[in-house]
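A short worksheet on the structure shown next.
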Amino acid sequence: MKLTEEDKINIYYERKEGASWAMLSQKYNVRVGNLHYYIDLIERHGINIVKKKRNKVYSKEFKLDCMNRVLIIGESSYSVSLEVGLPNMGTLSNWIRSYKENGYNIIERKRGIQ
């Protein structure tokens with residue numbers, strides 16, 4: 001289930017008020033790991049980070065820098081994703097998977113083309 005910006009904000013405040021991870025996970029039908037990411041993301045970047053903007057397009061250079069931090073330097077994808085403010089913790093992992101599947105080349109899709 002895809003969370004709305006309102007859901008993410010509610011999760012943040014409910015957790016701050018003492019709601020358990022298990023309760024939030026069940027209520028919003030989201031894995032606890034994802035809940036941790038949203039809380040950490042908001043604490044690091046502020047509540048506006050979860051506000052819906054147009055789909056952001058990341059440059060090849062930005063993606064490559066993030067992937068190199070994981071693949072070459074050895075940082076965790078979680079910490080890199082959190083530091084750069086990616087909307088969810090799976091985005092960077094998806095970039096890395098695609099990068100490897102495409103022979104270590106970044107394939108950019110044209111907007112609107114699936």
Atom pair [atom1]/[atom2] of [X] and [Y] - distance to nearest 0.5 Å:
{"X": "W95", "Y": "M67", "atom1": "CH2", "atom2": "CE", "value": "8.0 Å"}
{"X": "K63", "Y": "L86", "atom1": "NZ", "atom2": "CG", "value": "10.5 Å"}
{"X": "C66", "Y": "Y58", "atom1": "SG", "atom2": "OH", "value": "8.5 Å"}
{"X": "R31", "Y": "H36", "atom1": "CZ", "atom2": "NE2", "value": "11.0 Å"}
{"X": "Y28", "Y": "I11", "atom1": "OH", "atom2": "CD1", "value": "5.5 Å"}

Distance-only, no hydrogens or angles: does the [X] side chain make a donor-acceptor pair with backbone N or O of [Y] under 3.5 Å?
{"X": "N10", "Y": "D7", "result": "no"}
{"X": "Y37", "Y": "V32", "result": "no"}
{"X": "N102", "Y": "Y99", "result": "no"}

Show me the donor-acceptor pairs, under 3.5 Å and distance only, between side chains in residues 18-26 and residues at least two apart or in other chains.
{"from": "S20", "atom 1": "OG", "to": "M23", "atom 2": "N", "distance (Å)": "3.0"}
{"from": "S25", "atom 1": "OG", "to": "V30", "atom 2": "O", "distance (Å)": "2.5"}

Quick one: side chain to side chain contact (heavy atoms under 4.5 Å, CB included) partners of [X], sequence neighbours excluded?
{"X": "I72", "answer": "N68"}
{"X": "S76", "answer": "Y78, S79"}
{"X": "E43", "answer": "Y12, K16, I39, D40"}
{"X": "N48", "answer": "K51"}

Self-check item: Any residue meeting ring pair (Phe, Tyr, Trp, His ring centres under 6.0 Å) with Y13, in chain and number order, not counting sequence neighbours
Solution: none

Practice problem: Can you sort out the partners of E83 under salt bridge (Lys or Arg N to Asp or Glu O under 4.0 Å), two or more places apart, ordered by chain and number? | Solution: R69

List in chain and number order the residues that pass side chain to side chain donor-acceptor pair (under 3.5 Å) with [X], two or more places apart in sequence or in another chain; answer none if no residue qualifies.
{"X": "E6", "answer": "none"}
{"X": "N94", "answer": "R97"}
{"X": "N88", "answer": "T91"}
{"X": "R15", "answer": "none"}

Quiz item: L64 and K60: side chain to side chain contact (heavy atoms under 4.5 Å, CB included), yes or no, with the steps?
Solution: CA-CA 6 Å; L64 190 57; K60 284 173 67 171; over 6 Å; no

Quiz prompt | Joint hydrophobic cluster, I73 plus I106, side-chain heavy atoms closer than 4.5 Å | solution =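 No, it is not one cluster - the side chains of I73 and I106 are not joined through contacts under 4.5 Å.
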
For the student: nearest non-hydrogen atoms of [X] and [Y], plus distance:
{"X": "I49", "Y": "G85", "result": "CD1-O, 4.1 Å"}
{"X": "R44", "Y": "L82", "result": "CD-O, 3.8 Å"}
{"X": "M89", "Y": "S81", "result": "O-OG, 4.1 Å"}

Exercise. Report the C-alpha separation of K100 and L71 in whole Å, then their side-chain angles, then the decisive distance to 0.1 Å, and conclude whether the side chain to side chain contact (heavy atoms under 4.5 Å, CB included) test is met.
Key: CA-CA 11 Å; K100 289 177 178 179; L71 297 172; 4.0 Å; yes

